[in-house]
Amino acid sequence: MPSGREHHAALLDALELLKDEIDTLESWGERLAEQLAGGRRLLAVGNGGSAAQAQHLTAELVGRFLMERAPLSAICLHADTSSLTAIGNDYGVEEVFARQVRAHGRPGDVLLALSTSGRSPNVIRAAEAAREIGMTCWALTGAGASPLADVCDEALRLGGAETSTTQELHLVALHILCGAVDRELALRDPARKEPARGVRGGRRAHGRGFARRQEQEVRR
């Protein structure tokens with residue numbers, strides 16, 4: 001069993017690798033903000049620890065992350081336990097998410113699928129259903145081979161030596177994504193640029209999309 005110091009060291013190593021994926025995460029956030037602002041919806045899915053991460057993400061969007069803004073439409077598919085257990089009982093565990101995707105998803109919506117192994121059959125079926133509907137499908141998986149990544153439009157393979165480290169990386173990735181969503185929406189509505197109360201010092205880190213649009217504004 002790794003000691004606390006070994007766990008910390010493994011996380012630092014994994015976070016260093018995450019730096020190479022920040023631009024992709026911010027691109028996802030900018031595109032997600034555009035879809036949500038246009039009336040589209042995010043569906044999020046995962047099992048176990050990844051289910052907790054999926055629910056964390058939808059809470060940040062329906063509630064707020066850093067910026068005060070209108071609530072965004074985001075549904076975590078494991079959170080409706082009555083539907084989950086009914087579908088599992090009638091259709092099998094592999095269909096518990098896919099059937100909900102078909103119920104709630106529409107063309108142009110986004111599915112974010114999380115799986116540390118990248119091999120969860122019910123998450124893969126959800127991604128396949130999303131593609132059939134015409135949804136955009138993104139995945140966060142571990143670092144190894146991932147059947148889930150193969151059926152999604154885009155995927156980030158973020159992993160550490162332990163599942164716990166992969167889950168921690170995924171949480172950081174989701175916070176980067178949410179930050180990019182907030183910045184993009186603030187650009188669309190300048191009156192909403194002030195951070196929510198409790199954000200110390202009003203810090204904001206700007207991604208490439210923000211800088212690009214700021215430059216365009218100056219040129220105008």
Side-chain angles (χ1 to χ4, degrees), residues 1-33 42-66 74 76-79 97 110-124 126-127 130 136-184 199 203-210:
M1 296 295 294
S3 67
R5 292 187 181 279
E6 289 169 334
H7 185 118
H8 178 257
L11 179 57
L12 289 178
D13 290 342
L15 284 171
E16 190 66 23
L17 297 175
L18 178 61
K19 287 197 306 185
D20 295 334
E21 308 298 348
I22 289 175
D23 287 345
T24 297
L25 287 165
E26 293 195 325
S27 173
W28 283 10
E30 291 164 10
R31 285 182 278 161
L32 179 60
L42 173 78
L43 304 181
V45 62
N47 293 297
S50 294
Q53 306 282 32
Q55 193 164 348
H56 187 127
L57 171 63
T58 58
E60 300 284 24
L61 296 174
V62 177
R64 69 184 184 196
F65 183 57
L66 294 178
C76 185
L77 297 183
H78 80 273
F97 300 134
V110 178
L111 176 75
L112 183 57
L114 297 100
S115 172
T116 56
S117 70
R119 298 178 178 276
S120 299
N122 53 9
V123 178
I124 294 171
T136 298
C137 192
W138 298 331
L140 286 179
T141 76
S146 170
L148 174 61
D150 294 338
V151 300
C152 289
D153 295 296
E154 297 179 56
L156 288 181
R157 292 174 169 87
L158 305 172
E162 301 292 339
T163 298
S164 58
T165 304
T166 300
Q167 290 171 340
E168 289 156 358
L169 274 187
H170 285 184
L171 180 57
V172 176
L174 293 178
H175 281 164
I176 292 171
L177 175 71
C178 288
V181 169
D182 274 10
R183 288 193 302 275
E184 181 67 19
V199 179
R203 296 194 305 265
R204 286 213 312 273
H206 304 312
R208 291 191 307 172
F210 183 95

Say you draw a straight line from [atom1] of [X] to [atom2] of [Y]; how long is it, rounded to the nearest 0.5 Å?
{"X": "Ser3", "Y": "His8", "atom1": "OG", "atom2": "NE2", "result": "11.5 Å"}
{"X": "Leu156", "Y": "Ile22", "atom1": "CG", "atom2": "CD1", "result": "11.0 Å"}
{"X": "Leu18", "Y": "Ile176", "atom1": "CG", "atom2": "CD1", "result": "4.5 Å"}
{"X": "Asp13", "Y": "Thr165", "atom1": "CG", "atom2": "OG1", "result": "9.5 Å"}
{"X": "Ser164", "Y": "His7", "atom1": "OG", "atom2": "NE2", "result": "4.5 Å"}

*What pairs meet the ring pair (Phe, Tyr, Trp, His ring centres under 6.0 Å) rule with one or both residues in residues 144-183, with sequence neighbours excluded?*
His56-His175, Phe65-His175
Minimum heavy-atom distance [X]-[Y], with the two atoms named:
{"X": "Val151", "Y": "Ala127", "answer": "CG2-CB, 3.8 Å"}
{"X": "Gly118", "Y": "Ile124", "answer": "O-CD1, 4.1 Å"}
{"X": "Val62", "Y": "Ala74", "answer": "CG2-O, 3.5 Å"}
{"X": "Leu148", "Y": "Ser115", "answer": "CD2-CB, 3.8 Å"}
{"X": "Ala14", "Y": "Gly159", "answer": "CB-O, 4.4 Å"}
{"X": "Ala126", "Y": "Leu111", "answer": "O-CD2, 3.7 Å"}

Less than 4.5 Å apart, side chain to side chain, heavy atoms only: is that true for [X] and [Y]?
{"X": "Val181", "Y": "Leu61", "answer": "yes"}
{"X": "Trp28", "Y": "Leu140", "answer": "yes"}
{"X": "Ser146", "Y": "Arg157", "answer": "yes"}
{"X": "Leu42", "Y": "Trp138", "answer": "no"}
{"X": "Leu57", "Y": "Cys178", "answer": "yes"}
{"X": "Thr166", "Y": "Leu158", "answer": "no"}
{"X": "Leu174", "Y": "Leu112", "answer": "yes"}

Under 3.5 Å, sequence neighbours excluded: what are the donor-acceptor pairs made by side chains of residues 48-55?
| unit_1 | atom_1 | unit_2 | atom_2 | d |
| --- | --- | --- | --- | --- |
| Gln53 | NE2 | Gln167 | O | 2.5 |
| Gln55 | OE1 | His78 | NE2 | 2.9 |

*Given the rule in the side chain to side chain contact (heavy atoms under 4.5 Å, CB included) test, do Val110 and Leu43 qualify, once you have shown the distances and angles that lead to the verdict?*
CA-CA 6 Å; Val110 178; Leu43 304 181; over 6 Å; no
*Asp182 side chain to Leu66 backbone, donor-acceptor under 3.5 Å*: yes
*Are the side chain of Ser117 and the backbone of Arg119 linked by a donor-acceptor contact shorter than 3.5 Å?*
yes
*Do Val123 and Leu114 pass the side chain to side chain contact (heavy atoms under 4.5 Å, CB included) test, and can you show the C-alpha distance, the side-chain angles, and the key distance before you say yes or no?*
CA-CA 8 Å; Val123 178; Leu114 297 100; over 6 Å; no
*Output yes when Glu26 and Arg31 qualify as a salt bridge under the 4.0 Å nitrogen-oxygen rule, no when they do not.*
no
